[in-house]
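Everything below concerns the one structure shown next.
Residue numbering restarts at 1 for every chain, and letters A, B, ... go by the order of the sequence lines.
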2 protein chains.
Amino acid sequence: MTYYSLVTNTDTQLDLHHIDDDACLKFQGAVELVGKRWSSGILLAIARGSERFSDIVSVVIGLSDRLLSQRLRELEIAGLIERVVVPTVPVQVRYRLTPKGADLMESLQPLASWRNRWAE
Amino acid sequence: MTYYSLVTNTDTQLDLHHIDDDACLKFQGAVELVGKRWSSGILLAIARGSERFSDIVSVVIGLSDRLLSQRLRELEIAGLIERVVVPTVPVQVRYRLTPKGADLMESLQPLASWRNRWAE
DNA sequence: CTGGATCCCTATCGATACTG
DNA sequence: CAGTATCGATAGGGATCCAG
């Protein structure tokens, strides 16, 4: 039986040939979590320094406030971002990446490179 | 076109400020492409050696043949997999990763590691 | 400024049945 | 085996209006 070799160089990489079914589901879940519409754009915006609600809306092209609100809740539940309320008048709300979220963004860097590599 | 890095060598701090809007959209597009429902599971199944239609259905839990058919077309159009028809009786069809697709799977390994690192 | 609530529309999905 | 066709249900999305 022959199959594609996905493991090429370093030993730190995962060997996808021996992933069990549970890991398969986890992998799928992880990709679909961040792959949901607008999620990655929102995360990227926050990672780039857009901490405010209105900032994110203006940075992520096409994103509506309703969807942003919804996604922010999902991302917070997923533990990727944290919501910080500053009790001023009016109230200020800031969003930042959690360590888990920041680690995720780092892990997505190879994907960004891939997109760049295969851009036509 | 400026090549960029999501992570600087400075510290744990992310430096994404020099990413232009075009790259932002590309990044979002790349994540959402592979993050579509079932797509990653199908790619992983093929990467693990499931070349046949029925194999993929049985390996990816919950996936219906209709959706598999649809996703396979999308992934083929995206240039991630190739469809090989062997003219026997009955016809055999095999799917495998293209170099672009294999490269993608390698680029997703850090994400799999991330999922593993932050599993509770 | 930061959303919540509502309406409505479309895309997408799962199930079922069918074909070469 | 490797799909296609059809259909009803539903989830997701855009637009709009409203509130603390």
Without decimals, in angstroms, what is the distance between B:Asp55 CG and D:dC1 P? 8 Å

Mind checking salt bridge (charged side-chain N to carboxylate O under 4.0 Å, His left out) for B:Glu76 and listing every partner two or more places apart, or none if nothing turns up? none

On DNA chain C, compare the nucleotides closest to B:Trp38 and A:Ser54; which residue's is nearer the 5' end? A:Ser54

How close or far is atom C1' of D:dA2 from atom CZ of B:Phe53, stated in whole angstroms? 6 Å

Can you measure B:Glu51 atom CD to D:dG3 atom P for me and round it to whole angstrom units? 13 Å

Quick check against the 3.5 Å criterion: does A:Ser69 have a side-chain atom that pairs as donor or acceptor with the backbone of A:Asp65? no

Spacing of B:Arg37 atom CZ relative to C:dA11 atom P, expressed in whole Å: 18 Å

I'd like to check the salt bridge (charged side-chain N to carboxylate O under 4.0 Å, His left out) partners of B:Arg37; sequence neighbours left out, ordered by chain and number. none

Roughly, in whole Å, what's the span from CD in B:Gln92 to P in D:dC1? 11 Å

For C:dG3, does either OP1 or OP2 sit under 4.0 Å from a side-chain N or O belonging to A:Arg83? yes

Sequence-distant partners of A:Arg52, salt bridge (charged side-chain N to carboxylate O under 4.0 Å, His left out), two or more places apart: none

Using a strict heavy-atom distance below 4.0 Å, which residues from residues 69-79 of chain B are in contact with DNA chain C? B:Gln70, B:Arg71

Take atom CG of A:Asp65 and atom P of C:dA5, then tell me their distance rounded to the nearest Å. 13 Å

OP1 or OP2 of C:dG3 sitting under 4.0 Å from any side-chain N/O of A:Tyr95? yes

Could you check if a side-chain atom of A:Leu80 sits within less than 4.5 angstrom of a side-chain atom of A:Leu33, using non-hydrogen atoms only? yes

If the condition is salt bridge (charged side-chain N to carboxylate O under 4.0 Å, His left out), which residues does B:Arg94 pass it with, not counting sequence neighbours? B:Glu51

Looking only at atom types and distance, does a side-chain atom of A:Trp114 sit under 3.5 Å from a main-chain N or O of B:Lys100, one as donor and one as acceptor? yes

Taking A:Ser113 for its side chain and A:Gln109 for its backbone only, find out whether a donor-acceptor pair lies under 3.5 Å. yes

Selected nucleotide, minimal atom distance to A:Leu67 side chain, candidates C:dT2, D:dG14, C:dG4: D:dG14

If I take atom CD in residue A:Glu32 and atom P in nucleotide D:dG12, what distance separates them, rounded to the nearest angstrom? 12 Å

Are B:Arg96 and B:Val84 side-chain neighbours, meaning at least one heavy-atom pair lies under 4.5 Å? yes

In degrees rounded to 10°, what angle is found between the helical axes fit to the five outermost pairs at each end of the helix from C:dC1-D:dG20 to C:dG20-D:dC1? 50°

Can you tell which of C:dA5, D:dT6, C:dA17 lies closest to the side chain of A:Arg66? C:dA5

When the distance from CZ of A:Arg94 to C1' of C:dG3 is rounded to whole Å, what number comes out? 17 Å

